[in-house]
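Numbers for residues simply follow the sequence, beginning at 1. Keep in mind that the numbers below use all heavy atoms, side chains included, and drop hydrogens, waters and symmetry copies.
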Amino acid sequence: MLPNAWDCASARIFELEGFPAIATTSGGIAFSLGVPDGQRLSRGQMLAVVKRIASTVRVPVTADLEAGYDDAAETAAGLLEAGAVGLNLEDFAGGELIELSLQVERIRTIRATGERAGVPIVINARTDLYLENLGDPESRFELACQRLAAYRDAGADCLFLPGIREESLIRRFVEALRFPINILAIQGTPPLRRLEELGVARVSVGSGIARATLGLTRRIAAEIRAEGIYESMLEGAIPYAELNRMLARDDS
């Protein structure tokens, strides 16, 4: 289970709750910087946040680097310079699927860049066929298997299928690909224990926790504005002194 951080404070909370590794969320980071998700931030802007997060925690960090930007080798090198050890790589950009041969070459390039640096970058190769509802259900399944098998053979370590939640479909992918599968936790996703029984290897929450936090912020704002009270703000808030201690980690 990988929680997805969008800033240093959220990453530290996940670390202190005992998660052995942390992912980032491109959506959460984009929202926090005032832009929509979807590769609206530059590679440099995204990696600057990843670097701050990776330098704040001791556990490994894997970064959501969207569709990898325009140069896979430069993106992989920037990832390593930022202190992260893995990345998500999407296959949908500019409103369409990236050509399969191009995506395969990008995965190979990232793998080779890590090998030259002596770092086995963990590549979580993602297809957005189900998020975008492309094609009829059967052709979508066949195309997803074709693309994900190609990513597996090109050197990916994990295959990410956001948008699926039905147990029968999850099991079908696990049996067809026989490779570590990553599921995105959304409404209706089975609990972790059941996903493990189905053969899922990795679960992410994407921008879910960031959006839930923003939802709480909106409820607090509405309560203060409409009722002039502070209950939603005070309930469950981490004390000021505790947050200060959390982010003043002493490495000496």
Side-chain angles (χ1 to χ4, degrees), residues 1-17 19-94 106 110 113-114 117 119 121-126 128 131 157-158 160 162 182 184-185 202-218 238 243-249 251:
M1 178 65 204
L2 285 176
N4 296 75
W6 62 97
D7 62 9
C8 296
S10 58
R12 278 292 282 153
I13 288 170
F14 298 147
E15 181 181 38
L16 291 171
E17 286 301 313
F19 288 96
I22 294 169
T24 67
T25 160
S26 67
I29 290 173
F31 302 151
S32 74
L33 295 180
V35 298
D37 192 18
Q39 212 154 277
R40 304 294 184 93
L41 294 175
S42 69
R43 173 173 43 232
Q45 289 172 311
M46 185 65 75
L47 287 172
V49 179
V50 171
K51 185 172 185 175
R52 291 189 67 86
I53 289 172
S55 67
T56 300
V57 297
R58 294 186 177 95
V59 297
V61 172
T62 181
D64 180 353
L65 296 183
E66 307 193 75
Y69 308 98
D70 57 344
D71 187 315
E74 188 173 339
T75 296
L79 170 86
L80 296 176
E81 194 278 330
V85 296
L87 80 162
N88 276 358
L89 186 68
E90 302 170 12
D91 67 356
F92 191 86
R106 286 149 68 89
I110 292 167
T113 302
V119 179
I121 297 174
V122 178
I123 302 172
N124 192 34
R126 164 177 156 172
D128 278 10
L131 280 183
D157 299 283
C158 194
F160 191 12
N182 186 176
L184 178 68
R202 171 170 158 172
V203 181
S204 308
V205 297
S207 64
I209 298 177
R211 289 183 291 104
T213 302
L214 291 173
L216 174 59
T217 302
R218 181 162 65 182
I238 299 175
L243 277 171
N244 261 353
R245 289 193 302 271
M246 182 188 304
L247 295 170
R249 193 186 71 195
D251 286 321

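- Side-chain atoms of R12 come within 3.5 Å of backbone N or O of M246 as a donor-acceptor pair.
- Under the side chain to side chain donor-acceptor pair (under 3.5 Å) criterion, R43 pairs with D70, E74, T75, not counting sequence neighbours.
- Shown here are the side chain to side chain contact (heavy atoms under 4.5 Å, CB included) partners of E81, two or more places apart in sequence or in another chain: K51.
- Side-chain atoms of N4 come within 3.5 Å of backbone atoms of G206 as a donor-acceptor pair (strictly under, hydrogens ignored).
- To the nearest 0.5 Å, atoms OH (Y69) and CE (M46) are separated by 4.0 Å.
- Residues satisfying the salt bridge (charged side-chain N to carboxylate O under 4.0 Å, His left out) criterion with D64, sequence neighbours excluded, are absent altogether.
- Under the side chain to side chain donor-acceptor pair (under 3.5 Å) criterion, R211 pairs with S207, sequence neighbours left out.
- A23 and L2 make their closest contact through CB-CB, 4.3 Å (heavy atoms, listed as atom of the first residue, atom of the second, distance).
- Closest approach of A76 to I121, counting heavy atoms only: CB-CD1, 4.1 Å.
- Residues passing the side chain to side chain contact (heavy atoms under 4.5 Å, CB included) test with T213 are W6, I209, sequence neighbours excluded.
- Taken from CG in L89 to CD1 in I123, the straight-line distance is 8.0 Å, to the nearest 0.5 Å.
- When all heavy atoms of T24 and A63 are compared, the closest pair comes out as OG1-CA, 3.3 Å.
- Between T113 and A77 the shortest heavy-atom distance is CG2-N, 4.0 Å.
- Remark: A185 engages V203, V205 in a side chain to side chain contact (heavy atoms under 4.5 Å, CB included) (not counting sequence neighbours).
- Looking at every heavy atom in both residues, L247 comes nearest to C8 through CD2-O, 4.2 Å.
- With contacts defined as side-chain heavy-atom distances shorter than 4.5 Å, the pair V57/I22 qualifies.
- Considering every non-hydrogen atom in both A84 and V50, the closest pair reads CB-CG1, 4.0 Å.
- Expressed to the nearest 0.5 Å, how far CG of N88 lies from CZ of R126 amounts to 7.0 Å.
- Of the possible polar contacts, none joining the S10 side chain to the A5 backbone as a donor-acceptor pair under 3.5 Å is found.
- Legend: residues meeting salt bridge (charged side-chain N to carboxylate O under 4.0 Å, His left out) with E66, ordered by chain and number and at least two apart, are absent.
- D128 places no side-chain N or O within 3.5 Å of a backbone atom of F92 that could act as its donor or acceptor partner.
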Residues N182, S204; criterion side-chain contact (heavy atoms from CB on, under 4.5 Å); working and verdict:
CA-CA 7 Å; N182 186 176; S204 308; 3.3 Å; yes

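- Distance check, rounded to the nearest 0.5 Å: CG of L16 to CD1 of I13 gives 8.0 Å.
- Shown are N124, V61, I110; of these, the side chain to side chain contact (heavy atoms under 4.5 Å, CB included) with L87 is made only by I110.
- Not a single side chain to side chain contact (heavy atoms under 4.5 Å, CB included) links A212 to another residue, sequence neighbours left out.
- With sequence neighbours excluded, the residues satisfying side chain to side chain donor-acceptor pair (under 3.5 Å) with D91 are T127, R147, Y151.
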Exercise answer: donor-acceptor pairs, residues 27-40 side-chain atoms, under 3.5 Å, sequence neighbours excluded:
unit_1: S32; atom_1: OG; unit_2: I29; atom_2: O; d: 2.7
unit_1: D37; atom_1: OD1; unit_2: S26; atom_2: OG; d: 3.1
unit_1: Q39; atom_1: OE1; unit_2: A67; atom_2: N; d: 2.9

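- Not counting sequence neighbours, the partners of D157 by the salt bridge (charged side-chain N to carboxylate O under 4.0 Å, His left out) test are R111.
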